[in-house]
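Notes follow once the structure below has been shown.
One is the number of the first residue; the rest follow in order along the sequence.
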Amino acid sequence: MQVLYKSTRGNGETVTASQAILKGLSEDGGLFVPTAVPGLDIPLERLKEMTYQETAYEVMSRFLTDFTEEELKNCIARAYDSKFDTEEIAPLHKADGVYFLELFHGATIAFKDMALSILPHLMTAAAKKNHIENEIVILTATSGDTGKAALAGFADVPGTRIIVFYPKHGVSPIQEKQMVTQKGGNTYVVGITGNFDDAQTAVKNIFNDREMAKELGEAGYQFSSANSINIGRLVPQIVYYVYAYGQLMKSGEIEPGQKINVVVPTGNFGNILAAYYAKLMGLPVNKLICASNENKVLFDFFRTGTYDRKREFILTSSPSMDILISSNLERLIYRLTGESAEKCTELMKALSRGGEYTITDEMKEGLADFYGNFCSEGETREAISATYYGAGYVIDPHTAVAAGVYQKYLRDTEDSTVTVIASTASPYKFTRSVMDAVSDRYEGLDDFALADALSALSGISVPKAVEEIRTAPVLHDTVVEASEMPDTVRKILGIIS
């Protein structure tokens, strides 16, 4: 079955998977979604025998149908190799009666590596397939982790340049150091004085600026995105939920067909949307538990049916979730409207113009697959402490938000279903928050001294991703206002001086 892609705001026109990957965002501002979600048409029992790479092929080949078997397997082999520090790629760790799906074993120790290790290979294969002669400019806004993972993935990839914008005062010191020390002749990192939503909105506006697109085209460039709005980011994220199910069967924790719960800490809604797509493919998932931090715009949406971004933006210890505009939610909204591009466009315009929208009661019924809750900063610290002292396992603040929300879900439902928590970042990426939660003995230490203390505490070596930036020189130090982002892109590309 061929799977084509259409825009959530379009008139029904379709493009191939490779074209959707190259475009990133539709010209009408919408996000690409499959015309039909393909089924995972293999016996579930087979999953327990598969490697991560084999699972990736079975899932991704169902969505990316214009890639040949050779092209796709080549992309997978080049992505999921020795850059990951564990053969399983995404191992499961049992602690406190739940299974933490460790998605941080890649080059930048965050879950974004899972998709951004393969996206550059998908994109270059797609460019070749579609006879693209322009240089592809990857334009990305990051709340901390996407930026470094995208930079690492695209560094020195022929035919590409990558420009990453991040909130100068809205990421952890380790996250910032990872980005601003990035090598590569085609990599550019720019801080902005606003927050992530400011950066993300400006990037979307640049994508939707047809005059600028024309200007770039004449200079031999075209834009694409490495954010989770790109379907080439979203599809690889489906893989690890399917893989986790196979591993649970392999260890005898579940029988084929037995349902599991999935808990995902989320801000931009991409990671939990991937779990939702896995369920739509036929993976036996009972409840999708959406965990928010104090920027609880998604929790309020699930509770009330109103999405309202008109609120204080809070900087938390889980900065990758400090988001008030959850871009990927649009894909779910589109599905809830019965795939009405007109209705979806109307709601997205209301969000853009007035800062909020409310879905109908009928649409709200479609949220039954989800449970939403949030953790305060205090509850996040408690979850880190409780997991360490209760199970001897150290988790980062994002994973702690998920662990804390899962405890609330248990109290609300008493549901004993086997549960997987998406562990989205290494604790080494947020050493200060982690060590402060574990003990008050570490005040005054810098982030790298804290990494050494965490290693002594956990018995796990400091990851290469942290060691290599300890003394690395800063290579990127530009900081601009969000309003200056379009001209900053033009300057980087040499269109203006």
Inset, instruction - Please identify each residue that fulfils side-chain contact (heavy atoms from CB on, under 4.5 Å) with Ser251, with sequence neighbours left out. - result: Glu253
Inset, instruction - Verify whether one side chain among Asp322 and Ser143 offers a donor that lies under 3.5 Å from an acceptor in the other. - result: no
Inset, instruction - Using modelled atom types only, decide if a donor and an acceptor are shared between the side chain of Asn268 and the backbone of Gly270 within a distance under 3.5 Å. - result: no
Inset, instruction - Not counting sequence neighbours, list each pair that qualifies as a side chain to side chain donor-acceptor pair (under 3.5 Å) and has a residue in residues 364-377. - result: Lys279-Asp369, Ser317-Glu377, Tyr371-Asn373, Tyr371-Asp412, Ser376-Glu379
Inset, instruction - Taking Asn261 for its side chain and Lys287 for its backbone only, find out whether a donor-acceptor pair lies under 3.5 Å. - result: yes
Legend entry - Ionic contact status for Arg309 with Asp197, cut-off 4.0 Å: no
Inset, instruction - Name the orientation class of the two ring planes belonging to Phe100 and Tyr393 (parallel below 30°, tilted from 30 to 60°, perpendicular beyond 60°). - result: tilted
Legend entry - Side-chain (Ser326) to main-chain (Asn328) donor-acceptor, under 3.5 angstrom: no
Inset, instruction - Measure the CE-OG1 distance between Met485 and Thr488 for me, rounded to the nearest 0.5 Å. - result: 8.0 Å
Enumerate, atom names and distances included, each donor-acceptor pair closer than 3.5 Å involving a side-chain atom of residues 342-359, sequence neighbours excluded.
from, atom 1, to, atom 2, distance (Å)
Thr345, OG1, Ala341, O, 2.7
Glu356, OE2, Lys310, NZ, 2.5
Thr358, OG1, Thr306, OG1, 2.8

Legend entry - N/O donor-acceptor pair under 3.5 Å between Gln178 side chain and Gln175 backbone: no
Inset, instruction - Give me the ring orientation class for Phe84 and Tyr80: parallel if the planes are under 30° apart, tilted from 30 to 60°, perpendicular past 60°. - result: tilted
Inset, instruction - Can you label the angle between the Phe299 ring and the Phe374 ring as parallel, tilted or perpendicular, going by 30° and 60°? - result: tilted
Inset, instruction - Quickly, which of Val33, Asp28, Leu25, Leu31 forms a side-chain contact (heavy atoms from CB on, under 4.5 Å) with Ser7? Name it, please. - result: Asp28
Inset, instruction - Report yes or no: is the cationic atom of Lys429 (NZ for Lys, CZ for Arg) under 6.0 Å from the centre of the six-membered ring of Phe104, at an angle within 45° of the ring normal? - result: no
Legend entry - Thr65 side chain vs Val3 backbone, donor-acceptor pair below 3.5 Å: yes
